[in-house]
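Below is one structure, written out as structure tokens, with a few remarks after it.
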Number of protein chains: 2
Amino acid sequence: MSKKVPPRPRNADATRAAILSSARRAFARAGYDGVGVREIAAGAGISAMMVNRYFGSKEQLFAEVVAGIMATPMILAPENLASRSLGAALAEGVVAQTASGATPLDGFLIMMHSASSRRAAEIARAEIEQHYHRQLSRALGGALAQERAAIILAIVAGIQAMRQVIGLSALAKAQPARLAAILTPVFDQLVAGPLPAARRRRHSAKTG
Amino acid sequence: MSKKVPPRPRNADATRAAILSSARRAFARAGYDGVGVREIAAGAGISAMMVNRYFGSKEQLFAEVVAGIMATPMILAPENLASRSLGAALAEGVVAQTASGATPLDGFLIMMHSASSRRAAEIARAEIEQHYHRQLSRALGGALAQERAAIILAIVAGIQAMRQVIGLSALAKAQPARLAAILTPVFDQLVAGPLPAARRRRHSAKTG
DNA sequence: GTCTATAGAAAGATAGAC
DNA sequence: GTCTATCTTTCTATAGAC
């Protein structure tokens with residue numbers, strides 16, 4: 001063959017974006033350790049070498065992917081939290097967005113799948129605390145706000161994990177409305193927070 | 001040196017148990033992909049070759065570790081569920097057992113850390129459904145028992161993940177009593193299940 | 001039953017041509 | 001900017017001596 005393999009049109013921005021997109025999909029599916037740079041490169045339609053040329057290392061690429069995901073608003077974004085009943089918003093949001101292969105929560109998938117890598121877990125923890133936990137703690141306020149926010153995050157992560165990662169039948173096949181009905185009072189309770197002792201026994205007894 | 005390296009005393013049962021113990025610790029810490037047979041062997045005080053000699057392959061060793069864990073009762077064992085307030089038992093149990101490097105919940109850690117491996121996820125799902133979810137659904141009873149049981153499992157898994165895998169500060173550093181105080185009403189609500197509409201507002205108003 | 005030594009595959013990262 | 005080819009390391013698994 002006299003004609004060389006036609007080199008890909010040179011476009012740094014497009015290539016960089018293609019790598020990020022491919023990496024996001026790959027990390028969400030198989031985690032940091034479960035995917036190689038060759039596979040990521042193939043998904044972007046380039047050769048393996050380019051990944052390191054653009055991002056320096058697999059680890060730096062992972063960090064950029066995680067940062068990009070954290071920069072996107074999601075269920076716990078302030079807009080959703082301020083608009084209506086927090087409990088209902090959280091319940092409906094988490095049920096809807098963990099249903100199918102919804103991309104908005106790639107972040108949780110990536111973190112779950114990458115948790116076995118020490119470095120990946122550290123990156124995930126830092127980003128979660130900076131973005132989600134900080135925002136949610138402030139939105140909640142009241143006593144034990146940090147602990148309540150952390151527990152809400154843990155519940156969201158647990159639902160995500162059992163539904164999409166493990167694929168627990170009772171969650172994966174459940175009717176969304178039923179799950180939301182179960183979860184709404186749970187989140188409502190966590191949003192309301194511990195009532196002062198004097199009021200504790202009157203909680204939810206208003207119309208009794 | 002004329003004296004050879006003294007070979008380890010030959011004891012098949014002890015060696016096998018040592019490998020299983022080391023593997024359990026290693027898998028819980030770093031997941032299926034995150035640990036090599038060399039490391040497992042070192043933890044058992046033997047050479048890497050012995051792992052495959054005893055268990056055939058790394059995957060078979062993993063399967064035996066998981067099976068061994070699932071055979072052991074834990075927080076969700078029927079005894080605990082039947083003894084007292086289910087919500088309080090669940091809350092105190094999960095808080096206490098996710099605190100330090102408690103071994104009883106190695107199972108959750110291993111599954112979380114190994115979730116990126118397709119085979120590991122399948123093993124985990126089958127075992128969870130057969131043991132924990134089945135037991136818990138029966139213990140709960142009532143409407144939507146399967147969904148409620150699955151959500152309880154998801155919450156336990158989420159707390160575990162955020163506390164021990166991710167290491168979210170607000171959970172890792174929190175006082176156990178405070179976490180239990182927040183979680184008890186959450187679990188109580190899930191254990192009680194959705195009340196008939198006529199009774200809903202009287203829930204927890206008994207001694208008011 | 002246990003060891004040392006190594007085969008064979010796959011990973012991340014790099015060199016140098018075009 | 002992109003490629004092919006290769007370096008180096010690390011992994012699982014096996015062979016063969018003692």
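In what follows, every chain begins at residue 1, and chains take the letters A, B, ... in the order their sequences are listed.
Following rounding to the nearest Å, A:Met50 (CE) and C:dA13 (P) show an atom-to-atom distance of 15 Å. Separating the CD1 atom of B:Ile19 from the C1' atom of C:dC3 is a distance of 14 Å, rounded to the nearest angstrom. In this structure, the CE atom of A:Met49 is 12 Å from the P atom of C:dA13, given to the nearest Å.
Of the possible polar contacts, none joining the A:Ser22 side chain to the A:Ala18 backbone as a donor-acceptor pair under 3.5 Å is found. Checking side-chain atoms of A:His113 against main-chain N and O of A:Ala28 turns up a donor-acceptor pair under 3.5 Å.
The side chain of A:Thr15 places no N or O atom within less than 4.0 Å of a non-bridging phosphate oxygen (OP1 or OP2) of D:dG1.
A distance of 11.0 Å separates CG of B:Leu168 from CZ of B:Arg163, quoted to the nearest 0.5 Å.
Note on A:Arg16 versus A:Glu64: salt bridge recorded, some NZ/NE/NH1/NH2 to OD/OE distance being below 4.0 Å.
Heavy-atom nearest nucleotides on DNA chain D were determined for A:Ser47 and for A:Arg38, and the one closer to the 5' end corresponds to A:Ser47.
Contact annotation: the side chain of A:Tyr132 never approaches that of A:Val156 to less than 4.5 Å [non-hydrogen atoms, C-beta and beyond]. B:Phe27 is listed as a side-chain neighbour of B:Ile40, based on a closest heavy-atom distance under 4.5 Å.
A heavy-atom distance below 4.0 Å to DNA chain C is reached by these residues of residues 51-59 of chain A, ordered by number: A:Asn52, A:Ser57, A:Lys58.
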